[in-house]
Peer 1: 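Questions regarding the structure given below will be posed in turn.
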Amino acid sequence: MEDTNSLIEQRRQNLAGLNARGVNPFMNAFSPDAQCGTVRTELARWAEWNKSVEPKGEPVGLAEGTRVRLAGRITAHRDMGKSQFLDLRDVSGRIQLWIQPKVLGEEAAEIFKLLDLADFIGIEGTLFITRMGEPSVKVESFTPLGKSLRPPPGKWHGLEDTEIRYRQRYLDLIANEPVKEVFLKRSQILKEIRSFFHLRGYVEVETPMMQAIPGGAAAQPFKTFHNALGCEFYMRIALELYLKRLLVGGVDKVFEIGRNFRNEGLSRRHNPEFTMLEAYEAYGDYATMMETVESLIRHLALSVVGTLKIEHRNADGDIFKTIDLSHWRRARYKDLVREKAGDDWFQVSPEERRRRAVEDLKLSGDIAAGYEDFEVTAAVFEKLVEPTLIQPTFVTHLPKQLVPLAKISAEDPTTVEVFECCINGQEIAPGYTEQNDPIAQREALEHQAGGEQQKLDEDFLVALEHGMPPAGGIGIGIDRLCMMLLGQESIRDVILFPQLKPKA
RNA sequence: GCCUCGGUAGCUCAAUGGUAGAGCAGUUGACUCUUAAUCAAUUGGUUCUAGGUUCAAGUCCUAGCCGGGGCACCA
């Protein structure tokens, strides 16, 4: 970027002015002893205590007169001439600074004039409450810490240009407080997921992202090349096959949180790289994992969002959707399809089903000529059922053709022991009773590979032949989970740096 | 890949085909408690790019670039 304008030029001149006075505006370090937002809250608590009627009891918070050292970015400047007010902001929030250039001395006053909005400074001073009741710091000294050479986005309207928000997320984080909240909460979600599984005795592992054969899902992979080994690798599309090797190896409860890469279209719900959680529990089955998913998501909602009723708001701030995580429905695939497609859906002929799907249900664009009967029903489920599953629903008893790698249900051999946990109209988490029969697994993988032998992960099949315990497994798309929990409608709003086309 | 909407000052937005403008920010000045500070003055533009139509294009046409939404792809 070589764009220059007068705003940048002015800042460069202020930088030159600081240098000319022997001031280094890019310090190596500074040691604050408190955080802006925390100090503001604690001082306000003390003020509340101080004005309460007798008996007051023990003082709380931070008292007026307390000395603090703070560091942050200048986000507002209110110039009263002999009295100046700044807002200083760090990750915890903001606090007002009161600066009297005259009190600082002539030299410091000159340096103060060379500060710009968005500069980082460190200050030392004492706490006090203004006449207007604003918790503030009376600044005794300040140090420039990091100069900003470009103007920040507007403080009032924030930053709304989606392209800049995504390409220069740091500006989005500076200008839009709610955006920062979302990403701080995403961090908490990840932390709580880890502690949830650790408490249940799971082991967290990291498995290869570069794989010779990308297995565990059916998606287009990215390809790369390793120079020293002289061979191609694929970026992983799923975590599954390595985690199952670890079940073979005796790690009975194992999970991984990591990035998957899929070379497919982008949308509000798809980013080429996305974060997946997979967890496997030996001697468990899909029912075990349903309990795990429900407990995990309840825990995340309560610990991070503070409620089981998740509100999604539109641009005007009105609630347009509330997801109630206190009730989890369990429903059979066929029953859900019947609700939308008619009670006799599975009694009529395949030809009649196809006719109804195309003509009555208006799915002509979603049903290709070569679709088999189960795919026609699958289209009904995908287009008409799944988007309506806003409230948490475990869909069970899926037809076996739909999920070829899962274990057949003992109670109904036309179905498999699989669930799809749908919330917010999306599949959030599939769960399986995992296949541990190496012969059945080989047949299924060979069928899936469609005769292309090089797509068969022989190493994985050998691992299964050494014996894998029965196990339940789940995968949870973390980005979509965050969308649901944090009330975001686009995956780009829960991924810090979503994939965009490079600017030419 | 297809359909559709959009791109104007640092930010948020205006501008019947007829001199590109406002608010905020910035700059200068005033003010010893302001907080979207206030008041006065003021700077700032390759209207995404390249062509075209026209006496005249931010505006109309063509192509392209980037972004949003939708579709397709996607266990």
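A, B, ... follow the sequence lines: proteins, then strands. Residue 1 opens every chain.
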Peer 1: Please state how far atom CZ in A:Arg78 lies from atom C1' in B:rU34, giving the value in whole angstrom units.
Peer 2: 6 Å
Peer 1: Tell me, yes or no, whether the heavy-atom count around A:Arg12 atom CZ, taken from other residues, nucleotides or ligands under 6.0 Å, exceeds 12.
Peer 2: no
Peer 1: Assign A:Leu159 to base, sugar-phosphate, or nothing according to its heavy-atom contacts below 4.0 angstrom with the strands shown.
Peer 2: sugar-phosphate
Peer 1: What nucleic acid atoms does A:Arg165 come within less than 4.0 Å of, heavy atoms only: base, sugar-phosphate, or nothing?
Peer 2: nothing
Peer 1: Looking for any heavy atom pair under 4.0 Å, which part of the strands does A:Gly475 touch: base, sugar-phosphate only, or nothing?
Peer 2: nothing
Peer 1: What's the closest nucleotide to the side chain of A:Trp156 if the choices are B:rA36, B:rG26, B:rU35?
Peer 2: B:rA36
Peer 1: Tell me what A:Lys113 touches on the nucleic acid: a base, only sugar-phosphate, or nothing, going by heavy atoms under 4.0 Å.
Peer 2: nothing
Peer 1: Under 4.0 Å between a side-chain N or O of A:Lys501 and OP1 or OP2 of B:rG68?
Peer 2: no
Peer 1: Between A:Ile129 (CD1) and B:rU35 (P), how many Å, whole number?
Peer 2: 17 Å
Peer 1: Considering every strand and a 4.0 Å limit on heavy-atom distances, what is the contact class for A:Ala217: base, sugar-phosphate, or nothing?
Peer 2: base
Peer 1: Determine the contact category for A:Asn176: base if any of its heavy atoms lies under 4.0 Å from a base atom, sugar-phosphate if only primed atoms, P, OP1 or OP2 are that close, otherwise nothing.
Peer 2: nothing
Peer 1: Measure distances between side-chain N and O atoms of A:His157 and base N and O atoms of B:rC11, and say whether any donor-acceptor pair falls under 3.5 Å.
Peer 2: no
Peer 1: Measure CD1/A:Ile164 against P/B:rC48 and give the value in whole Å, please.
Peer 2: 13 Å
Peer 1: Provide, to the nearest angstrom, the distance between the CD1 atom belonging to A:Ile74 and the P atom belonging to B:rG26.
Peer 2: 11 Å
Peer 1: Would A:Asn436 and A:Lys244 count as having a side-chain donor-acceptor pair, cut-off 3.5 Å?
Peer 2: no
Peer 1: Can you measure A:Ile8 atom CD1 to B:rA9 atom C1' for me and round it to whole angstrom units?
Peer 2: 13 Å
Peer 1: At 4.0 Å (heavy atoms only), tell me whether A:Thr162 reaches a base, stays on the sugar-phosphate, or touches nothing.
Peer 2: sugar-phosphate
Peer 1: Considering every strand and a 4.0 Å limit on heavy-atom distances, what is the contact class for A:Leu171: base, sugar-phosphate, or nothing?
Peer 2: nothing
Peer 1: What contact category does A:Leu402 fall into here, base, sugar-phosphate, or nothing, at under 4.0 angstrom with non-hydrogen atoms?
Peer 2: nothing
Peer 1: Just say parallel, tilted or perpendicular for the rings of A:Trp98 and A:Phe128, cut-offs at 30° and 60°.
Peer 2: tilted
Peer 1: Taking CZ from A:Arg11 and C1' from B:rG26, how many angstroms apart are they, rounded to a whole number?
Peer 2: 9 Å
Peer 1: Mind checking A:Glu134 for me? I need base, sugar-phosphate or nothing, with any heavy atom below 4.0 Å counting as a touch.
Peer 2: base
Peer 1: Out of curiosity, A:Asn50 CG to A:Ile129 CD1, how far, rounded to the nearest 0.5 Å?
Peer 2: 8.5 Å
Peer 1: Between atom CG in A:Asp87 and atom C1' in B:rC33, what is the gap in whole Å?
Peer 2: 14 Å
Peer 1: Does a side-chain N or O of A:Arg131 approach OP1 or OP2 of B:rC33 to a distance below 4.0 Å, or not?
Peer 2: no
Peer 1: Quick check against the 3.5 Å criterion: does A:Arg353 have a side-chain atom that pairs as donor or acceptor with the backbone of A:Trp345?
Peer 2: yes
Peer 1: Return yes if some donor-acceptor pair links the side-chain N/O of A:Arg78 with the main-chain N/O of A:Phe85 below 3.5 Å, else return no.
Peer 2: no
Peer 1: Need one value for A:Lys102: base, sugar-phosphate or nothing, where a base atom within 4.0 Å counts as base even if backbone is also close, heavy atoms only.
Peer 2: nothing
Peer 1: Between A:Lys155 (NZ) and B:rU35 (P), how many Å, whole number?
Peer 2: 11 Å
Peer 1: How would you label the contact of A:Gln10 with the nucleic acid (heavy atoms, under 4.0 Å): base, sugar-phosphate, or nothing?
Peer 2: sugar-phosphate
